[in-house]
Enquirer: 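Structure below; questions to follow.
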Protein chains: 2
Amino acid sequence: MITLNDKTYTCPVDVTLGFIGGKWKLLILSHLHWQEQSSYTKLRENLPGVSEKMLSQQLKELERDLLVTKNITSRKPYRVHYTLSEEGKSLAPLYEFMSGWGVGYLKKHGVDYIQDQHLYK
Amino acid sequence: MITLNDKTYTCPVDVTLGFIGGKWKLLILSHLHWQEQSSYTKLRENLPGVSEKMLSQQLKELERDLLVTKNITSRKPYRVHYTLSEEGKSLAPLYEFMSGWGVGYLKKHGVDYIQDQHLYK
DNA sequence: GCAATAACTTACCAAAAAGTAGGGAACAAT
DNA sequence: ATTGTTCCCTACTTTTTGGTAAGTTATTGC
């Protein structure tokens, strides 16, 4: 058993899962991986189905866990963009692998997936 | 949008997530990755905190999705063992990477994790 | 015959995660 | 002045997920 921030984990895989678990986190992270940066609105538009509540909640957790950095680019008209931190970038093989595996699965099963593909590599 | 088995996915990463999402699936899979095979009872013992309900439920889904193979080794005394299928093995880089990343995180933050380490690499 | 073990299943309940719908501040554009 | 845009927050409800505890079948071991 591993204890970290008052939670217990069964193994290192579980620890990693603690950071990227949840329905939207990997989607947000991998989006930022391929887009380099994104505003709140762009993220929302490019993650079909995410509610604003979920988006801001998960962004806040990703920020807290230091995987994502929030850059305030302007205060007068309040503007922001999100990027992967170094920690977040260190998960890049994950984004790449999971995308590749998903694409492989779809190909093998003859499923169309080209729509909006540029957004996800 | 990608449609697969009546569900919709936003991108290939999401598709992959569809197979390995959930609290116990990656834990089961990575356990089998390092143990090669395991009986129901051994899995239960080595995944601290998993309830029987969760274990059989997730095993059933992993079987359905063809990531895990259930091998009935004896019928008279009903005995079974679970192994990764080829599909399940094709996710090996994921188990390795996630374990490695978790270990790296723990090291960087000076957390003890050696207990039962042989079970998870 | 009786307890123990393996491999589950099932009904019921609690907790956690996610969705819905609205509000709101600050500025910009018309 | 009104509408639109960006960037959120909050209360409430629903859905999903997970936990508890008990029961089941079959077989071995004493």
Side-chain angles (χ1 to χ4, degrees), chain A residues 1 5-10 13-14 17-29 31-32 35 37-65 68-83, chain B residues 1 5-10 13-14 17-29 31-32 35 37-65 68-83:
Chain A
M1 270 316 185
N5 300 138
D6 302 326
K7 290 193 175 175
T8 57
Y9 301 92
T10 64
V13 171
D14 201 11
L17 233 32
F19 290 97
I20 59 174
K23 195 176 176 182
W24 298 103
K25 283 190 185 170
L26 265 170
L27 263 29
I28 293 172
L29 290 168
H31 178 79
L32 291 174
Q35 298 308 292
Q37 61 167 247
S38 202
S39 65
Y40 181 84
T41 305
K42 275 202 165 176
L43 273 166
R44 197 191 44 196
E45 285 169 355
N46 287 308
L47 299 177
V50 75
S51 67
E52 306 216 19
K53 176 196 158 196
M54 276 298 107
L55 181 56
S56 59
Q57 193 175 99
Q58 308 265 338
L59 279 171
K60 207 169 282 181
E61 290 180 23
L62 289 169
E63 249 193 287
R64 180 204 60 195
D65 294 338
V68 157
T69 306
K70 177 178 177 174
N71 313 272
I72 298 168
T73 50
S74 156
R75 288 194 179 275
K76 288 312 154 63
Y78 185 63
R79 293 296 178 272
V80 136
H81 71 249
Y82 292 93
T83 49
Chain B
M1 272 316 186
N5 300 138
D6 302 326
K7 290 194 176 174
T8 57
Y9 301 91
T10 64
V13 171
D14 201 12
L17 233 31
F19 289 98
I20 60 174
K23 194 176 174 181
W24 297 104
K25 282 188 185 171
L26 264 170
L27 264 28
I28 293 171
L29 291 168
H31 178 79
L32 291 174
Q35 299 306 294
Q37 61 167 248
S38 203
S39 65
Y40 181 84
T41 305
K42 276 202 166 180
L43 273 167
R44 199 190 42 196
E45 287 169 355
N46 288 308
L47 298 177
V50 74
S51 68
E52 305 217 20
K53 176 193 159 196
M54 276 298 107
L55 182 56
S56 59
Q57 193 175 99
Q58 308 263 1
L59 279 170
K60 209 170 280 181
E61 290 180 23
L62 289 168
E63 250 194 285
R64 179 204 61 195
D65 293 337
V68 157
T69 308
K70 177 177 175 175
N71 312 273
I72 297 167
T73 49
S74 157
R75 288 194 180 276
K76 287 311 153 62
Y78 185 62
R79 293 295 178 274
V80 136
H81 70 249
Y82 293 92
T83 49

Enquirer: Would you please confirm or rule out a distance under 4.0 Å between OP1 or OP2 of dG18(D) and any side-chain N or O of Ser51(B)?
Expert: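 Answer is no, no contact under 4.0 Å.
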Enquirer: Heavy-atom count around Arg64(B) CZ within 6.0 Å, excluding the residue itself: above 12?
Expert: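 More than 12 within 6.0 Å, yes.
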Enquirer: Calculate, to the nearest 0.5 Å, the distance between atoms CG and CZ belonging to Asp14(B) and Phe19(B) respectively.
Expert: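 It is 11.0 Å, given to the nearest 0.5 Å.
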Enquirer: Starting at CG of Leu59(B) and ending at P of dG18(D), how long is that distance when rounded to a whole Å?
Expert: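 It is 14 Å, rounded to the nearest whole Å.
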Enquirer: Quick one: Leu55(B) CG to dG18(D) C1', roughly how many Å, whole number?
Expert: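 From Leu55(B) CG to dG18(D) C1': 13 Å.
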Enquirer: Which angle, to the nearest 10 degrees, lies between the helix axes at the two ends of the helix from dG1(C)-dC30(D) to dT30(C)-dA1(D), each defined by five pairs?
Expert: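 The helix from dG1(C)-dC30(D) to dT30(C)-dA1(D) shows an end-to-end axis angle of 10°.
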Enquirer: Between Thr83(A) and Gln37(A) (side chain of the first, backbone of the second, donor and acceptor by atom type, cut-off under 3.5 Å), is there such a pair?
Expert: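 Side chain of Thr83(A) to backbone of Gln37(A), a donor-acceptor pair under 3.5 Å: no, none is there.
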Enquirer: State the CG-CG distance between Leu26(B) and Leu17(B), to the nearest 0.5 angstrom.
Expert: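 Result: 9.0 Å between the selected atoms.
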Enquirer: Any side-chain N or O of Lys60(A) less than 4.0 Å from the OP1 or OP2 oxygen of dC9(D)?
Expert: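 True: Lys60(A) side-chain N/O within range (under 4.0 Å) of dC9(D) OP1/OP2.
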Enquirer: Tell me which one of Glu45(A), Glu52(A), His81(A) satisfies side chain to side chain donor-acceptor pair (under 3.5 Å) with Tyr40(A).
Expert: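 Result for side chain to side chain donor-acceptor pair (under 3.5 Å) with Tyr40(A): Glu52(A).
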Enquirer: Using a 4.0 Å heavy-atom cut-off, does Tyr78(A) contact any base of the nucleic acid, only the sugar-phosphate backbone, or nothing at all?
Expert: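 Here Tyr78(A) touches the backbone only, sparing every base.
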Enquirer: Identify, between Arg79(A) and Tyr82(B), the residue whose nearest nucleotide on DNA chain C lies closer to the 5' end.
Expert: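 Looking at DNA chain C, the more 5' nearest nucleotide goes with Tyr82(B).
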Enquirer: Would you kindly give the OH-to-C1' distance between Tyr40(B) and dA26(D), to the nearest whole Å?
Expert: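 Between C1' of dA26(D) and OH of Tyr40(B): 16 Å.
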Enquirer: Touch check for Lys42(A), heavy atoms < 4.0 angstrom, all strands: base, sugar-phosphate only, or nothing?
Expert: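 Answer is nothing: Lys42(A) stays at 4.0 Å or more from every strand.
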Enquirer: Along DNA chain C, 5' to 3', what are the outermost nucleotides having an atom less than 4.0 Å from a heavy atom of chain A?
Expert: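 Nucleotide range with atoms under 4.0 Å of chain A: dA18(C) to dC27(C).
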Enquirer: How many Å lie between CG on Leu43(A) and C1' on dC7(D), as a whole number?
Expert: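 Atom-to-atom, Leu43(A) to dC7(D), this comes out as 12 Å.
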Enquirer: To the nearest 0.5 Å, tell me how far Thr10(B) OG1 sits from Asn46(A) CG.
Expert: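 One finds 10.0 Å between OG1 of Thr10(B) and CG of Asn46(A).
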Enquirer: Do side-chain atoms of Ser38(B) reach the backbone of Leu32(B) as a donor and acceptor pair under 3.5 angstrom?
Expert: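 No, Ser38(B) side chain to Leu32(B) backbone: no donor-acceptor pair under 3.5 Å.
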Enquirer: Starting at CG of Leu27(A), measure out to CE of Met54(A) and round the result to the nearest 0.5 Å.
Expert: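 Here the rounded value is 13.5 Å.
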Enquirer: So does Lys53(A) get a side-chain nitrogen or oxygen closer than 4.0 Å to the phosphate oxygens (OP1/OP2) of dC12(D)?
Expert: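 Answer no for this pair, as no side-chain N or O of Lys53(A) is under 4.0 Å from OP1 or OP2.
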Enquirer: Between atom CD in Glu45(A) and atom C1' in dT5(D), what is the gap in whole Å?
Expert: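 Taking atom C1' of dT5(D) as the reference, CD of Glu45(A) is at 11 Å.
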Enquirer: Using atom CG of Leu26(B) as one end and atom C1' of dT17(D) as the other, report the distance to the nearest whole Å.
Expert: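 Rounded to whole Å, this separation is 17 Å.
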Enquirer: Assign each of Lys76(A) and Trp24(A) to its nearest nucleotide of DNA chain C by heavy atoms, then name whichever residue's nucleotide is nearer the 5' end.
Expert: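 Result of the comparison: Trp24(A).
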Enquirer: Look at the side-chain N and O atoms of Gln58(B) and state whether any lies under 4.0 Å from the OP1 or OP2 oxygen of dG18(D).
Expert: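 It does, given that an N or O in the side chain of Gln58(B) lies less than 4.0 Å from OP1 or OP2 of dG18(D).
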Enquirer: As an exercise, state the distance from CG of Leu62(A) to CG of Leu29(A), rounded to the nearest 0.5 Å.
Expert: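 These two atoms lie 5.0 Å from each other.
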Enquirer: Does Ser56(A) put a side-chain nitrogen or oxygen below 4.0 Å from OP1 or OP2 of dC7(D)?
Expert: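 Result: no.
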Enquirer: May I ask you to evaluate whether Lys25(B) reaches the phosphate of dT17(D), defined as a side-chain N or O under 4.0 Å from OP1 or OP2?
Expert: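 For dT17(D), neither OP1 nor OP2 has a side-chain N or O of Lys25(B) closer than 4.0 Å.
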Enquirer: Figure out the CD/P separation between Gln57(B) and dG18(D), and round it to whole Å.
Expert: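 Computing the Gln57(B):CD to dG18(D):P distance gives 8 Å.
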Enquirer: So, do Leu59(B) and Lys70(B) sit near enough that their side-chain heavy atoms are less than 4.5 Å apart?
Expert: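 Heavy-atom side-chain distance check fails, nothing below 4.5 Å.
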Enquirer: Starting from P on dT27(D), measure out to CD1 on Ile72(B) and report it in whole angstrom.
Expert: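 Those two atoms, CD1 and P, are 14 Å apart.
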